[in-house]
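Have a look at the structure below, then the notes.
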Amino acid sequence: MELTKKLPEKLLRWYDSGHRSLPWRDQPIPYYVWVSEIMLQQTRVEAVRPYFDRFIAALPDVFALANAKEETLLKLWEGLGYYRRVHYLQRAAKEVVDRYGGVIPSAYEQLRALPGIGDYTAGAIASIAYGAPRAAVDGNVLRVITRLCGDFRDIGSLSVKREITAALEQVYPIGRCGDFTQSLMELGATVCLPNGAPHCKECPLHEDCIAYLQNCADELPVKKPKKERQVFSYLVLILKRDGKIAIRKRTAEGLLHRLWELPNRADIEGTAAAKTYAEELGVMPKSVQCGRSAKHIFTHVEWRMTSYIVTCGAAGDKSLCWVTPKELEENYGLPSACRHFSAAWQEKD
Ligand code: SF4
């Protein structure tokens with residue numbers, strides 16, 4: 001694959017004529033670029049904005065992030081999902097403080113070696129924050145380039161991604177590397193849209209774009225079908241006692257690790273099972289009532305949950321932490337999957 005210098009020229013001209021103002025773009029300091037890129041993985045720009053502002057207000061630099069309490073981090077991340085990202089973010093911040101005196105490194109290889117920083121994020125920080133000729137190739141950029149080149153290979157293939165990265169890095173315009181990365185992202189997000197809906201007439205690349213000229217943009221990019229989601233069923237307990245509800249901490253393994261959650265168990269169902277489970281937790285159930293059911297979809301997994309509201313006579317197991325609904329809202333990071341049941345714990349007994 002070969003790209004020409006016309007690509008950055010045309011894209012930068014288009015980018016300079018107007019683009020979205022974003023806090024991490026208007027002030028591309030390394031910490032802002034890093035935090036925003038981690039948040040933007042799996043999340044849209046508009047959804048990220050308020051989270052980013054709140055996060056930076058609470059943790060304005062790498063030292064604050066490195067020293068933040070876990071509860072603060074989880075609360076700031078609540079609702080963004082993929083919580084492993086924020087744990088890695090803090091681990092990387094600690095490493096930046098310990099190894100680099102709090103200065104986020106500019107070298108791609110040093111960035112890439114930090115926890116939670118992959119090829120894309122390292123390329124984004126190196127080019128946007130430090131002006132290095134490193135590409136940041138994500139789904140948006142793969143879509144733009146495969147359409148532009150009429151490339152029908154599978155974009156899930158690592159070799160295709162590497163080839164596109166190398167081809168882009170050959171044409172990175174020294175002095176405008178960050179803007180070129182941003183312009184590719186911007187084109188993918190606002191013009192070369194997915195699912196067969198690109199705005200080709202407004203695109204600065206359309207004269208050279210094979211997908212446009214051959215009218216096949218809706219067939220690109222090519223992606224192998226995803227594996228089917230695995231489905232898991234859970235019985236969820238909403239344990240209530242003296243105006244409080246019980247939560248517990250998830251383990252360090254698996255999805256949503258180290259977050260708080262409502263007690264739950266896979267592969268049991270029904271009111272009798274809910275009562276037995278509550279008894280095993282030692283909360284002496286006085287009444288058990290079936291509550292609402294909800295489905296929560298993660299990328300590869302689907303949870304089907306049924307809740308049971310249990311009025312309890314004892315505090316039970318040490319793993320349980322009893323909190324008021326207000327404390328829960330203000331101080332504890334709870335995954336969105338549990339928030340389907342929030343009406344039940346806000347109701348007065
Ligand atoms: Fe994408 Fe259309 Fe532009 Fe080609 S011309 S890069 S398909 S928006």
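Computed from a prediction, not measured in an experiment: that's the story for all the values here. Counting convention: from 1, in listed order, for ligands and their atoms alike.
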Original post:
Just by distance, with hydrogens left out, do Tyr51 and Thr43 show a side-chain donor and acceptor under 3.5 Å apart?
Top reply: no

**OP:** Check the side chains of Arg85 and Gln41 for a donor-acceptor pair under 3.5 angstrom, ignoring hydrogens and angles.
**Re:** no

Subject >> Aromatic ring proximity His300/Phe298, centre distance under 6.0 Å >> reply: no

Original post:
Mind counting the protein N, O or S atoms sitting less than 2.8 Å from atom 4 (Fe) of ligand 1?
Top reply: 1

Original post:
Does any donor atom in the side chain of Trp24 or Glu37 lie under 3.5 Å from an acceptor atom in the other side chain?
Top reply: no

**OP:** Take Arg339 and Glu329, measure what salt bridge (charged side-chain N to carboxylate O under 4.0 Å, His left out) needs, and give me the verdict at the end.
**Re:** CA-CA 10 Å; Arg339 296 220 161 261; Glu329 287 310 319; 3.2 Å; yes

Original post:
Side-chain donor-acceptor pair under 3.5 Å between Asn264 and Tyr277, yes or no?
Top reply: no

